[in-house]
Visitor: 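A single structure is presented below for examination.
To find a chain, count down the sequence lines: A is the first, B the second, and so on, and within it residues start at 1.
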There are 2 protein chains.
Amino acid sequence: MDDRTLRRYELRAELFKALAHPIRILLLEKLRERPWCVCELAAEVGIEKSVASKHLSQLKSVGLIADEKRGTLVEYQLVAPCVLDMAACAEGTILEQRRKRLGIAAAE
Amino acid sequence: MDDRTLRRYELRAELFKALAHPIRILLLEKLRERPWCVCELAAEVGIEKSVASKHLSQLKSVGLIADEKRGTLVEYQLVAPCVLDMAACAEGTILEQRRKRLGIAAAE
DNA sequence: CAATTGTTGGGAAACATTGCAACTTTAGGG
DNA sequence: CCCTAAAGTTGCAATGTTTCCCAACAATTG
């Protein structure tokens, strides 16, 4: 196993880690509609703004969203909408597998 | 936020969590080639077989792989190859964003 | 200056990862 | 049949990481 390959898998894992929390997926879905500032998102999702800020910072650190300061606000916007298709695909995959397993279990 | 939507996001997050470790991505890549048993994979990746077993169990629990007993061996096989395209897409996304940010940084 | 918006840090609780040891199951030799 | 070896899984303890809340801080507006 060469180091370059390992590094690539670490990179992929980092992005999946950023997506591995329901709140972060919800935040991304909101950002698909339009840009939002932190306090709007925190209120919408029902969490502390410090928590929202940290989740958004994680998403930003892997390059999925970008921020822009406007006075005292920080507006976040979606940069890589393709990941949301990935998220929908993830749901499809997991549901399909679940159905298959149930089907097999029923058939046995 | 209705509960059903939240549940869907939790489901997606679960699948991403299963993908959020470089060793698990590597295991999936190996399983794309052909079915492998646990001890082969452990040797190939260079980890304890108990660790390999646990990682594989996680991947199985979200329905990405399936197992089949053959004597004393347990052979794992890939069930949802589409997630590997997702993994490659993840890498593409993150690299593209990184390039963009570097480009902007250089231009400023 | 006061109010609003975000970010950052500490501490606690929950969760994830690893290595080791114990255990189960199967195959095969005597 | 009994014993041993090999393959996997599971439990435990140690360590590291995530997540949350709260409080403190920085920055901007009016």
Visitor: Would you classify B:S50 as touching base, sugar-phosphate or nothing, given that sugar-phosphate means primed atoms plus P, OP1 and OP2, and contacts are heavy atoms under 4.0 Å?
Guide: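 It contacts base atoms.
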
Visitor: Taking only side-chain nitrogens and oxygens of B:Y76, does any of them come within less than 4.0 Å of OP1 or OP2 of D:dA7?
Guide: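 Result: no.
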
Visitor: Reckon B:E40 touches a base, only the sugar-phosphate, or nothing at all at heavy-atom distances under 4.0 Å?
Guide: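 No contact.
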
Visitor: Contact class for B:R70 (heavy atom, under 4.0 Å): base, sugar-phosphate, or nothing?
Guide: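 Nothing, no nucleic acid heavy atom in range.
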
Visitor: Starting from C1' on D:dT10, measure out to NZ on B:K60 and report it in whole angstrom.
Guide: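 To the nearest whole Å, that distance equals 14 Å.
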
Visitor: State which of D:dC21, C:dT18, C:dT7 makes the closest approach to the side chain of B:H21.
Guide: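 My answer, after comparing the listed nucleotides, is C:dT18.
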
Visitor: Roughly how far, to the nearest 0.5 Å, is the OG1 atom of A:T5 from the CG atom of B:L26?
Guide: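 B:L26 CG to A:T5 OG1: 9.0 Å, rounded to 0.5 Å.
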
Visitor: Rounded to whole angstroms, how far apart are CD on B:E14 and P on D:dT18?
Guide: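 Rounded to whole Å, this separation is 18 Å.
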
Visitor: Between A:Q58 and D:dT18, is there a contact of a side-chain N or O with OP1 or OP2 at under 4.0 Å?
Guide: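 Looking at the OP1 and OP2 atoms of D:dT18, neither is under 4.0 Å from any side-chain N or O of A:Q58.
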
Visitor: Treating A:W36 as the side-chain partner and A:E75 as the backbone partner, does any N or O pair qualify as donor plus acceptor under 3.5 Å?
Guide: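 No; zero donor-acceptor contacts below 3.5 Å.
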
Visitor: Touch check for B:I23, heavy atoms < 4.0 angstrom, all strands: base, sugar-phosphate only, or nothing?
Guide: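 Sugar-phosphate, backbone atoms only, no base.
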
Visitor: Is A:R12 salt-bridged to A:E10, cutoff N-O under 4.0 Å?
Guide: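 Salt bridge: no.
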
Visitor: State which of C:dA16, D:dA7, C:dT5 makes the closest approach to the side chain of B:L73.
Guide: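 Selected nucleotide: D:dA7.
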
Visitor: Expressed in angstrom and rounded to an integer, what is the separation of B:I47 atom CD1 from C:dT17 atom C1'?
Guide: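 Rounded to the whole Å, the gap is 11 Å.
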
Visitor: From the options C:dT18, D:dT19, D:dA7, select the nucleotide whose nearest atom is closest to the side chain of B:K54.
Guide: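 For the B:K54 side chain, the nearest candidate turns out to be C:dT18.
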
Visitor: Closer than 4.0 angstrom, basic N to acidic O: yes or no for B:K17 and B:E14?
Guide: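 Between B:E14 and B:K17 there is no salt bridge, as every charged N stays at least 4.0 Å from the carboxylate O atoms.
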
Visitor: Among C:dT7, C:dG10, D:dG8, which nucleotide has an atom closest to any side-chain atom of B:V38?
Guide: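 For B:V38, the side-chain atoms sit closest to D:dG8.
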
Visitor: Consider the side chain of B:V51, meaning its heavy atoms from C-beta on, and name the nucleotide among D:dC20, C:dG19, D:dG8 that approaches it most closely.
Guide: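 Side chain of B:V51 sits closest to C:dG19.
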
Visitor: Is a side-chain N or O of B:E40 found less than 3.5 angstrom from the main chain of B:C37, in a donor-acceptor match?
Guide: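 Checking the backbone N and O of B:C37 against the side chain of B:E40, a donor-acceptor pair under 3.5 Å is found.
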
Visitor: Would you indicate which nucleotide in D:dT9, C:dT4, C:dC20 comes nearest to any side-chain atom of A:T72?
Guide: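 For the A:T72 side chain, the nearest candidate turns out to be C:dT4.
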
Visitor: So if I take every side-chain heavy atom of A:S53 and compare against C:dT7, D:dG8, C:dT5, which nucleotide ends up nearest?
Guide: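 The listed nucleotide nearest to A:S53's side chain is C:dT7.
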
Visitor: Whole-Å distance between D:dT17 P and B:K17 NZ?
Guide: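 These atoms are roughly 17 Å apart.
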
Visitor: Would you say that more than 12 heavy atoms from the other residues, nucleotides or ligands in this model lie under 6.0 Å from the CZ of B:R34, or not?
Guide: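 Counting neighbours around CZ of B:R34, more than 12 heavy atoms of other residues, nucleotides or ligands fall under 6.0 Å, so yes.
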
Visitor: What contact category does B:E75 fall into here, base, sugar-phosphate, or nothing, at under 4.0 angstrom with non-hydrogen atoms?
Guide: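 No contact.
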
Visitor: What is the distance, to the nearest angstrom, from the NZ atom on A:K49 to the P atom on D:dA24?
Guide: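 Distance check: A:K49 NZ to D:dA24 P gives 14 Å.
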
Visitor: Whole angstrom is fine here: how far is it from CH2 in A:W36 over to P in C:dT5?
Guide: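 Going from A:W36 (CH2) to C:dT5 (P), I get 15 Å.
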
Visitor: In whole angstroms, how far is the P atom of D:dT9 from the CD atom of B:E68?
Guide: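 Result: 14 Å.
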
Visitor: Whether B:H55 contacts C:dA16 is assessed here as follows: a side-chain N or O lying under 4.0 Å from the phosphate OP1 or OP2. Is that the case?
Guide: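 Indeed not, no polar side-chain atom of B:H55 lies that close.
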
Visitor: In whole Å, what is the span from the CZ atom of B:F16 to the C1' atom of C:dA16?
Guide: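 Checked: the CZ to C1' distance equals 19 Å.
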
